[in-house]
Amino acid sequence: DAGITQSPRHKVTETGTPVTLRCHQTENHRYMYWYRQDPGHGLRLIHYSYGVKDTDKGEVSDGYSVSRSKTEDFLLTLESATSSQTSVYFCAISESLAGGRSYNEQFFGPGTRLTVL
Amino acid sequence: RKEVEQDPGPFNVPEGATVAFNCTYSNSASQSFFWYRQDCRKEPKLLMSVYSSGNEDGRFTAQLNRASQYISLLIRDSKLSDSATYLCVVRDNTDKLIFGTGTRLQVFP
């Protein structure tokens with residue numbers, strides 16, 4: 001299995017509080033991603049990173065920010081959590097090919113279950 | 001219309017049965033296609049890529065029909081351990097992965 005860990009694995013918080021989720025990889029892969037998974041929706045991309053300090057928005061980025069100061073860590077922050085952000089959050093990584101296009105397979109972390117009351 | 005559509009199921013089949021799932025996608029410029037497997041409360045894992053010529057991996061066969069924009073997955077000789085949700089995934093022309101909501105398979109003894 002790819003070396004990806006997420007922390008915390010479970011979190012319950014209250015509306016309006018800030019929350020930071022961490023994704024850590026030991027594979028030295030260039031690309032890292034944050035997804036959320038909700039019933040009735042496929043996994044939806046929140047933000048992604050294509051290198052240290054290089055990030056971009058995904059499909060559902062409103063209310064989220066990210067940072068990547070080291071290759072191995074990708075942080076997802078909810079500045080002021082809302083109940084609509086209750087979800088399962090998955091981090092994923094992929095390796096780049098020459099030319100910068102991401103490799104076919106994305107490897108996923110174990111997920112973080114976040115509940116916002 | 002969703003970009004990737006799948007029948008949510010569940011498909012309930014006995015051990016040893018053959019079962020097939022289909023998936024349709026809306027973006028004709030999609031680049032690559034995959035099936036991922038996701039066990040309950042676990043992360044998705046790549047099951048197989050789907051090639052234009054069709055491909056087989058043991059009991060699993062994947063087919064792609066670009067003209068009709070659908071992908072299929074056939075599982076032969078179903079095992080109890082095949083019980084999971086199968087996600088159809090499409091890489092679009094911006095290199096992003098678009099996930100279907102998944103088809104749930106339950107294999108019973």
Side-chain angles (χ1 to χ4, degrees), chain A residues 1-6 9-10 21 23 25 29-50 54-61 87-115, chain B residues 1-10 21-27 29-52 55 57 60 62 64 70-71 73 84-104:
Chain A
D1 288 347
I4 314 169
T5 56
Q6 293 184 229
R9 295 292 314 280
H10 299 86
L21 308 183
C23 177
Q25 61 146 328
H29 282 11
R30 177 180 173 186
Y31 289 80
M32 297 186 76
Y33 311 81
W34 277 107
Y35 292 90
R36 60 178 289 174
Q37 186 173 37
D38 305 287
H41 295 274
L43 276 86
R44 292 180 291 175
L45 182 65
I46 304 171
H47 281 279
Y48 67 102
S49 170
Y50 45 95
D54 290 324
T55 66
D56 206 348
K57 294 179 179 180
E59 176 190 357
V60 290
S61 59
S87 187
V88 179
Y89 292 85
F90 286 102
C91 173
I93 64 174
S94 65
E95 193 172 55
S96 62
L97 290 173
R101 291 176 66 89
S102 60
Y103 187 65
N104 273 341
E105 181 172 2
Q106 289 188 13
F107 299 92
F108 286 82
T112 294
R113 293 187 171 273
L114 176 67
T115 301
Chain B
R1 182 185 172 190
K2 291 183 178 178
E3 290 187 69
V4 178
E5 295 207 57
Q6 298 181 248
D7 181 342
F21 309 135
N22 288 331
C23 161
T24 59
Y25 61 95
S26 61
N27 185 351
S30 297
Q31 302 287 309
S32 316
F33 309 88
F34 312 91
W35 284 101
Y36 275 70
R37 171 192 168 129
Q38 186 173 23
D39 293 300
C40 187
R41 301 177 79 84
K42 298 286 190 181
E43 71 273 21
K45 294 185 178 180
L46 181 67
L47 178 66
M48 58 197 304
S49 300
V50 186
Y51 304 122
S52 297
N55 50 299
D57 183 1
F60 298 85
L64 167 64
Y70 81 79
I71 307 146
L73 177 68
T85 296
Y86 292 83
L87 308 178
C88 176
V89 185
V90 172
R91 179 182 298 282
D92 70 12
N93 52 340
T94 68
D95 230 13
K96 307 289 191 310
L97 293 188
I98 311 297
F99 289 78
T101 54
T103 297
R104 193 154 68 88

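Quick caveat, the model's predicted, so the values are computed rather than measured. Per chain, numbering begins at 1; letters A, B, ... match sequence-line order.
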Inset, instruction - Name all residues meeting the side-chain hydrogen bond (donor to acceptor under 3.5 Å, both in side chains) criterion together with B/Thr103; count only those two or more places apart in sequence or in a different chain, and write none if there are none. - result: B/Gln6
Legend entry - Per-residue contact mode, A/Arg44 against chain B (heavy atom under 4.5 angstrom): neither
Inset, instruction - Working to the nearest 0.5 Å, report the span between CD of A/Gln6 and CD of B/Glu43. - result: 8.5 Å
Inset, instruction - Output all residues satisfying side-chain hydrogen bond (donor to acceptor under 3.5 Å, both in side chains) with A/Gln25, sequence neighbours left out; order by chain, then residue number. - result: none
Inset, instruction - Flag the pair A/Gln37 / B/Gln38 as yes when at least one side-chain heavy-atom distance between them is below 4.5 Å, and no otherwise. - result: yes
Inset, instruction - Heavy atoms only: give me the nearest B/Leu97-A/Tyr35 pair and the separation to one decimal. - result: CB-OH, 4.0 Å
Inset, instruction - List the atom of B/Pro44, the atom of A/Phe90, and the distance in Å for their closest heavy-atom pair. - result: CD-CE2, 4.2 Å
Legend entry - NZ/B/Lys42: more than 12 non-hydrogen atoms of other groups inside 6.0 Å: no
Inset, instruction - Scan B/Ile98, B/Val89, B/Leu87 and name whichever one has a side chain to side chain contact (heavy atoms under 4.5 Å, CB included) with A/Leu43. - result: B/Leu87
Legend entry - More than 12 heavy atoms from other groups under 6.0 Å of CZ on B/Arg104: no
Legend entry - CD-CZ distance between A/Gln106 and B/Phe99, expressed to the nearest 0.5 angstrom: 6.0 Å
Inset, instruction - Check whether more than 12 heavy atoms from other residues, nucleotides or ligands sit under 6.0 Å from atom CZ of B/Phe60, and answer yes or no. - result: yes
Legend entry - B/Thr101 versus A/His41, closest heavy-atom pair with distance: CG2-C, 3.5 Å
